[in-house]
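Here's the structure we're looking at; comments come further down.
Chain identifiers are assigned alphabetically (A, B, ...) following the order of the sequence lines, protein sequences preceding nucleic acid strands; residue numbering begins at 1 within each chain.
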Amino acid sequence: MLQFIVLGLFAGSIYALASLGIVLTYKTTGVFNFAYGGIAMFCAYVFWQLRDGWGLDQWIAIPLLLLVIAPLLGLILELLFRLLSQQSAEVQIVVCLGVLAFFTTIVNLVFVRHPDDSVRNLSTVFSHGSFGLTSNVSVTWNEAGTFILAIVMGLGLYAMQRWTRLGTAMRAVVDNRDLAGLIAVNARTIGRAAWIISTVFAAVAGVLLSVQENLVTYVLPFLVIYSFAPAVFGRLTNLGLAFAGSLTLGLTINILQKYGSSGSLAKFETSLPYLALFVLLVVYGKRLTEVKSSLRATTSRAVADPWRGYVVGAVALILALVLGPQVFADSTVGALAQAMAYGVVAITVVVLTGWTGQISIAQMSFAGVGAFTTAHTVASLGALYFPLGVLFGILIAVPVSLLVGIPSLRLSGLFLALATMAFALVMDSIVFASASISGGLTGLDLTEAKLGPISFDTATSQYYLCAVALGVTGLFALWLRHGPVGRRLQMVRDSPNAAATLGASLTVTKLAVFAACAAIAAVGGALLAVTQQTVIPANFSFDTSLQLLLVVVIGGRTLISGAVIAAGFYVVRLLPVPATVNKYLPLGIALAVIAIAQEPDGIGRVMLNQFQKSAALLYRIGRRPRTPVAGRTSSPQAVRPSV
Amino acid sequence: MSEPLLTASGITVRFGGLVANDNIDLEVAPVGITGLIGPNGAGKTTLFNVLTGLNRPTSGSVAYDGQDISRWSPHRRARAGMSRTFQRLELFGGMTVRDNLLAAWEASIPGGVMGRRQSEGRQLVDEVIARLQLGAVAGRQTGELPTGIGRMVELGRALCTRPRLLLLDEPSSGLDAKETAHFKEILVEVTDPEQAVQSEDGRGAPAVLMVEHDVRLVMDVCRMITVLDFGKRIACGAPDEVRNDPAVIAAYLGEPAA
Ligand SMILES: Nc1ncnc2c1ncn2[C@@H]1O[C@H](COP(=O)(O)OP(=O)(O)O)[C@@H](O)[C@H]1O
Ligand SMILES: [Mg+2]
């Protein structure tokens, strides 16, 4: 037992460092750092490179990392988020997720040349060996050192907040931004300090987590996500509570491991932090404070003339139906079918994020619900019952979405993002990981599906099915957007206060949209299952939901065509494109998201604006002799895409 | 005089150590315009937020039309006929003026979001647009409009819910003299039972509670005026009484009322 307590305190103290870092930036700058795990992992790899890779002495490598590299990283992040400080919470969250994707992909590109590289052995930074606590319980120096270091750093942070001028200002900025101004410490200084300290904590947490095990690309960020729960336990503002929560979490996980590590409880330990995060969001509810509540919403422009959208959409659909299977090879047709099924799910991201301002990082989990339910139904009842399977998928997805949405949708967007993240991770670690539900790693087969007499067993038939589904969903969404439903979504998004005082229930509106999107995602998932024929959990993981959100942001989160562009990214992965494309594409996606998240209409709008700017410039250069330069030129924004 | 339409009793709101509203009582008559004035930071907007349900008071209760609505959500109060405008404009910037008004109508009736009673709504919106002389900008996006027109749109939006009680928070701030005069004219017109925007269910002219900086405007149009200072009610009465109240004059240091 004591041995487990030792292990629990060790793990808990690492979570403590991470949660302190997360709380610090949230409470001083209002940014919840979703990328924290990515940063921690990056720093751990850098440390490996410095010490083990290049053979630097540990006492050079550590200061280099903690005093130079991590602070620099912190400064860069501070700059990035300062540039975004006037943007809506939605943009900040999306950028943060882009940063997370950036760090995970950059690690892959820079440090992981071979598949074997993804696991690097990293020995402890403390001295090796152990000492006995009692006759049969021993503690390694690594564990003891980590625990003491966490306590020292935690106390150091506390002392700094308590007794230094900068610290006082940091605390004041939470209570009252104007007051912080009075103490005459510049808000920028406070933000910088917070980001630097937070990043250094991330580096320490990353290195300490890594030396215990190995450096594993995909696990490390998830271990850091463990510390989101304690951060929320501290209501995202209380360092002491976050620290205590972390130790409790570490202890609970390790004690559970002692008692429950066999049988059905085995998965429970690893998903406990996600469950805890979710439960905490439910329990705290409205008592969770938002640091910035007066952020303005990103205005997406209404589209005056929907007809162009309908026409373009209908023509695209007809062309796709008529030409698709004739023009492309069979394998391409299959890939396109999958991509269009993916596009159906992407439309739910457009509706949620672009039209309602809600960020969900669980749309692929809902798709997974549809996919596995359909696969099970068809497996036990037969191919003819495919539509029934889809219906079952919807019937499961909707109540589940209400469970996720009811607690978090009454709060601001950040908390839906957190709740959906927790939900997706719980689905990954408990539901989809269970072999009886998902068939385990190899998945479930869905070789035949029928809609009445039509069988979807060839690539071409699947193509027609998915094209019609995507076209109908897209046109229907567009039609809704231009009617009362669209107005309701836009009013809730543009000004929740005004919407409420005119008679619109914010909770009901957001919940209805969230549930409807879960249902459509489930349908999309069922279609994906039909096209993929083997339903694998990995295709519906948290990672895939995150990727989906990112590509929709690039495509344009307010546009149905944005969802189509997102589907285009999906095709690229399936087609025989040059290896370098697939290698650098994730990095490109992450960078593009960071760069253009501010533009709700996505890459098309950015390019159009650039084009118009250059055209205007050329025009002016051409006519310079005669046109007097106007004092204020309005930016040319005549043409708006409406699809 | 008849029963008040709205009665707030003992409203107290604390933000940390700051007492923004300190045990305030307020009544709004079912007809005509009631004024709420006070220097900047007196707590007027905070009180509006309490009345419309956006803020929960630390203590105190609100009664509307004989019912205790203290625990009602903002949208339920709105459906019961309370509608407001905002000191810091809260327009739906991504929508056109016409859509702003239409969205307000849809929000105010059950089933509006499903498209019920659309033609009735469009008719009302057209009437409000004509009444407020917004025709020229009806197709423009509100995010691009100047404040003066924005305030008109907010008023129109509130009118499109066919309110029984209209709460206006500094409707003339940001308007120039000409716009203010125009606004006053329209305000008097829409609150006049004879000329009000009528709807099929016969809801007539709304009662108005108005926060206003322009003391002259308030003295002109209001029957009753409540004065706040530092979160406390320091006076309440007809314009003439308030005008000569020493506490009010002191509060408006060097800015003698009217
Ligand atoms: N959300 C809030 N948090 C903290 N203080 C607030 C908040 N809203 C208003 N206040 C403070 O309450 C006081 C009253 O503000 P307000 O009601 O806006 O005054 P008025 O509308 O009369 O100018 C001011 O001192 C203001 O700073
Ligand atoms: Mg005010």
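B:Glu170 has no carboxylate O lying under 4.0 Å from a charged side-chain N of B:Arg151, or vice versa, which leaves the two without a salt bridge. The pair A:Arg487-B:Glu106 counts as a salt bridge, with a side-chain nitrogen and a carboxylate oxygen less than 4.0 angstrom apart.
Applying the ring-ring contact (aromatic ring centres under 6.0 Å, His included) rule to A:Phe514 yields the partners A:Phe366; only residues at least two apart in sequence or on another chain are considered.
Residue B:Ser73 does not touch chain A at all, counting heavy-atom pairs closer than 4.5 Å. In this structure, the portion of B:Leu91 lying under 4.5 Å from any heavy atom of chain A is its backbone and not its side chain. Residue B:Arg76 does not touch chain A at all, counting heavy-atom pairs closer than 4.5 Å. Neither the backbone nor the side chain of B:Glu154 comes within contact range of chain A; no heavy atom of the residue lies under 4.5 Å from a heavy atom of that chain.
Under the 3.5 Å distance criterion, with hydrogens and angles disregarded, a donor-acceptor pair is assigned to the side chains of B:Thr45 and B:Asp169.
Figure legend: B:Arg84 and B:Phe86 shown as a cation-pi pair, the cationic atom lying under 6.0 angstrom from the six-membered ring centre and within 45 degrees of its axis.
Side-chain atoms of B:Asn100 come within 3.5 Å of backbone atoms of B:Phe92 as a donor-acceptor pair (strictly under, hydrogens ignored).
Ranked by heavy-atom pairs under 4.5 Å with chain A, the first of B:Thr85, B:Leu167, B:Val113, B:Leu102 is B:Val113. The residue among A:Ala499, A:Gly486, A:Ala498 with the most heavy atom pairs within less than 4.5 Å of chain B is A:Ala498. Chain B forms the most heavy-atom pairs under 4.5 Å with one residue out of A:Pro484, A:Ala504, A:Gly483, and that residue is A:Pro484.
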